[in-house]
Structures are given as C-alpha cells and as structure tokens.
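Report on one structure; see the data block that follows.
The basis for the numbers below is simple: all heavy atoms, side chains too, and nothing from hydrogens, waters or symmetry mates. Convention: sequence-line order gives letters A, B, ...; per-chain numbering from 1.
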Amino acid sequence: MTWVNDHWDEIFTLARSHVWLAGLPLILGLLIALPLGWAARRWTRVYPVLISTSGLLYTIPSLALFVMMPLIIGTKVLDPINVVVAMTIYTVALLVRTVADGLGSVPDDVLQAARAMGYRGFRRFFGVELPLAVPVIAAGLRVAAVSNVSIVSVASLIGVSQLGNLLTDGYDRFITEEILAGIVACVVLALIFDGLILLGQRLLTPWLRAQGARS
Amino acid sequence: MIRFDNVTKQYPGGTVAVDDLSLTAPTGRITVFVGPSGCGKTTSLRMINRMIEPTTGTISLDGQDTATMNEAELRRGIGYVIQHAGLFPHRTVLDNVGTVPRLLGWDKKETRERSRELLARVGLAPELADRYPSQLSGGQQQRVGVARALAADPPVMLMDEPFSAVDPVVREQLQDVFLDLQGELGKTIIFVTHDIDEAIKLGDQVAVLRVGGKLAQISDPAYLLAHPVDDFVADFVGRDRGYRSLQFQPTPRLPLANERTVVLGESVADLSVPWVLVVDDAHRPLGWVEPSRIDAEVRTEHLHRGGTVARASGSLRGALDAALSSPSRRGVIVDDSGELVGTVRAHEVLSLIEAADRPDEDRASALAEEGS
Ligand SMILES: Nc1ncnc2c1ncn2[C@@H]1O[C@H](COP(=O)(O)OP(=O)(O)O)[C@@H](O)[C@H]1O
Ligand SMILES: [Mg+2]
C-alpha cells in the first residue's frame, strides 16, 4: 500500500478526469440517441440502417478512433475533446438500439389510448413513451457506462490522462501496486456509475415496485 | 349525432376493412357495432376520431365534417375506452383519470377533484386512487378506463370491446354500471363488441357488420331478433332468439297467485304441500324447501336455491325463467324492493306472450330516422 498512500492526490485527479471522460459522453450519447432511437421507431426503414451503422461504429477499435479524431474534427492531438467525442460516438452506437427497443417495449394499447386522448408529438414522447421506456434504456445505459469506463483508459496512449495512466505508467516502470490501483479504481468507478444509474431508474419508475403489483 | 356517409377504408395492403358504410348514431343513445372478428368494427370506430383516415366518404359530428376539425381537439372531445383499458402503467389511478383534463389545461386541484368524483361514479373505492394500474384487477382497470374517458365530460364516447377481457360475472357488473351511468349522462356512444348478447343488452340501436366491412342490418335490438334480414344475421344473432327477444316485450300485468310462505326458523312439520317458499323477516324470498324432508324448523341449509327470482316490472323473459327454474314450477315474483308479491306459472306467462305482438316492420329504422 505504500505506493497508493504516497499517490492519493494523483489517483484522485486521474479519477476525476476519468469521470468526466467517461461520464460526459454517457450523457451526451443518451441525448443524441434519444431522437435517433425515436426516429428508428418512427420510420421503419431507418431502423435497420441505424442499427447496422451503429453496430459498425462500435467495431472500430478505440485507439484508432482516438487517433483519427483530430483529423475528423480538426482538434489538437492532445485535446481531451477527442476522447469525449469518440466516447460519445461509442455511447450513441450502443444506445440507439436500446432507445429504439425501449420505445418499442411500450405496450401498443397504451400508445393507442394516448393517441386517442389527443396526446401528440413531444407531449406524448415525454409524457408517455419515454417514461415507460426507462427500464430498458436504463439497462442499456448501465452497459454503456461500464464499457465507457473501461474504454476510456486506452486514452492514455494518446496522452489524455485518466486512470489508464496508472496502468501504462505502472507497466512501464514495473510497479505492480500502481497497476492494481488502476484496475481497482476503474472497477470502483464502474460500480459507482452503475449504482447511480440504478438509483436514477428506481426514482423514475416507482410504479414498477408498487406494493402488491399483479404482474 | 355521428353520421357515416358512404365511408370506405382500404388499407395499403389492399384489404377493404369498411365498405361503403352509411349510418347515423343518434345523440344521447348507444349504437352498437357488432360482428365477427375482422369485420371492420375497430376500423370504423377509429375513423370517427381520425386515428384512421377513411379512404373515401365522410364522417360528421353534429353536422360538421370531422376531416375539417383539428385532430387533437377532436380527440379530446371524444372519450375512448379499449379492451385492456390501455391505462398508463406509470401513473396512479387518479392521474390516469385526470389525463384529458390536464391535456385541456385544467389546474391540478380541479382535475383531482373531478377525478375523485369520477372514481366514485364508476364504483371504485377512494383508497384505490393512489394505486398504480398493475395493482388493480381487470374489472377495476376497466372501470378506471371508463372514468378516464368520461373525465372531461365529452359528449361522445367510443368504446372498443371494453368489457371483453373480463370474466362473465364482472362483465355483467360492468355492463350494469355502464347502463346506469349512461342513464344519467346520456352520451352519444358507439360501442363495439363481437358478443351479440352484449350488443342486445346495451344497444339502443345495433348495427351488424359482416366480414368485408359491409353493414348487414341496423335496427333496435328487439326488431333485430325478430326480423333478421338474411341468413348471416340470423346465424349471427344465434339460437334462442325467440326466447331472448322476450326481454324487450313490454311487460303486461302478470296474473300473480298468492303463495303460502314460512319464515326461516319456523317449523314446517305440519305442512302437507310438496314445496313451500321460505322468506325472511322483510318478506323477501330466500328459497324453496320440501316440508316432507324436514322434521323441525327450517334452517338455511335446507333451502333449495335453484329457482331464479323475477321482478314484476321486469321482462317476460325473467318471469318465464323464474317459472321454469323453480322446483315447485311456480315462479317467484318480487317488487322493486325485493319483497315477494306472488308466484306465476309458465303456461300463464306463455299465454301473455301469445297475446302480445311481435315487434313489427315499421319499427325497423325508427331510431335511425329519429336521428336524421
Ligand atoms: N393497419 C392495418 N393494415 C392492414 N390491414 C388492417 C389493418 N388494421 C386492420 N386491418 C384489416 O382490416 C380488417 C378489419 O380489421 P378491424 O377493423 O380491426 O376488425 P374488427 O375490429 O372488427 O376485428 C381485418 O381484415 C384486418 O386484418
Ligand atoms: Mg377490433
């Protein structure tokens, strides 16, 4: 524990930037995936296109995407924006399908009833469809969160620091404790993200845990 | 008044779901669309609030072509109830009921008051208000569905098989609640069902549709049972239609006989009749007993409960059934408060039936004309 005890400050600084680099794309990705997922539901021809495109995006190796970012969006090579944008792309790729499936899980009779009562557009989306899609979307978001936390660590290789630095640095300098600290910190962070999403989901879906529910 | 003029709906695949439908649903009455599955009932219903647009033809509400009306406004003025209620699972019962008032911009307090009032109207206990739909039985959910449709007091209600998914006992209760409500509210209702018995019980006017979306016959239920226009309608209205049509005969005065009764707890040992009627302290019939099988006083477990009880003001069908089901062959007749007024025999009811007229031709489209 000596290495860790001597480096608490550094670990916390790296963890903070890890939270940003993994968390911000999660939020941005969700915000982008919502309208895309909605469009995929709305226009049936869009669905397969979006699904295969996003599947394809996800197969691009993260390092390649990080490296290509400056070329695509014209940023500086060491700019953390590169990582945020790349991670957002991954998140969108994961979440488009989740959002589309979540909206698709809303029972048809509920949708018909909403329509018949004069619900339309935004109000129907935010008032009926989205709240009912929360359980499915939250499940996808948990996967994306864990995957973001792990992928972001690769960014050390392009000079954007976060917890991944502990792994590369520990490896370069043969400090096993540093490597272990990096792994544990990543796991803890992933668990915290997961817990927060779970908490949010529970707050948003009180009806799922209503006492004596029949189904 | 809702009016269909030569309305046809052809789906993109080519299916003609509704074929040249013309009919009028009069204001304040219940018009039932009935027919086998796939005959275009739902399609017809949804064209009224424009969830589906007709291919040709027009539908008008009180003389105004619905195609010219604002879609959302049109819908908020039309209550809609569907088979599985379609309640919002994420909202409490109270909030479900308040949906349309909120959409119309009522304030929270006003909406909640109105919603509570409606829950009481459809016979739901106030403590159910804060539950979620998944915590209710199917019948309760359906009541909430009706309350929700009524919340903003729309003049028109569309109901698509609202009671089909609940068990028969609950269905009867829901039908009765519904008829009670309609008696008070007098909405213009289109009610869809595939169940001819339900159609006949609820409809002021019944439209029978055949597969392919063609109107086979439209008339009041009694006339429909007495004069089906063709084999399809005759088949569809089904067996026992002679018997069932009795429920629409105006009830003449029944020739009632006085019945010897005993009160629960009395001894019947000295009675020599085969069957005697047992009543409670308020003279309400409880059931028949056989004195020969009882050696002391009458207790509840002696009661034979096979016989039905009919109201004097009820239909001839009820009176005949009471006579046929009674072990003594004497049908038990009560007044509106449930008190025994006498008994009647099957042959006496039959004589009354023979003396009465069948529904005649000129009642064919009385309702339809009244509406136009
Ligand atoms: N959206 C649709 N697209 C194509 N065909 C449809 C659609 N909806 C219903 N149909 C067809 O139209 C006919 C009438 O359907 P519907 O109005 O639902 O009948 P019902 O409610 O009497 O069972 C059926 O043959 C059905 O398969
Ligand atoms: Mg239907």
Worksheet entry | Ionic contact status for B/Arg121 with B/Glu184, cut-off 4.0 Å | yes
Response to the item:
Looking only at B/Leu104, B/Asn49, B/Leu103, most heavy-atom pairs under 4.5 Å shared with chain A are made by B/Leu103
Response to the item:
Residue from B/Ala72, B/Ala149, B/Pro89 scoring the most non-hydrogen pairs under 4.5 Å with chain A is B/Pro89
Fill in: Salt bridge flag under 4.0 Å for residues B/Glu113 and B/Arg116
no
Response to the item:
Bottom line for B/Arg50: the part with an atom under 4.5 Å from chain A's heavy atoms is neither
Practice prompt. Output yes when A/Arg97 and A/Asp101 qualify as a salt bridge under the 4.0 Å nitrogen-oxygen rule, no when they do not.
Written response: yes
Worksheet item: Is the shortest side-chain N to carboxylate O distance from B/Lys41 to B/Asp160 below 4.0 Å?
Response: no
Worksheet item: Who among B/Arg76, B/Arg46, B/Met51 has the most heavy-atom pairs with chain A under 4.5 Å?
Response: B/Met51
Worksheet item: Which residue, A/Phe122, A/Tyr47, A/Trp43, A/Phe126, forms the ring-ring contact (aromatic ring centres under 6.0 Å, His included) with A/Trp38?
Response: A/Trp43
Worksheet entry | B/Leu87, part contacting chain A, at a heavy-atom distance under 4.5 Å | backbone
Worksheet item: Side chain, backbone, both or neither: which part of B/Ile82 has an atom under 4.5 Å from a heavy atom of chain A?
Response: side chain
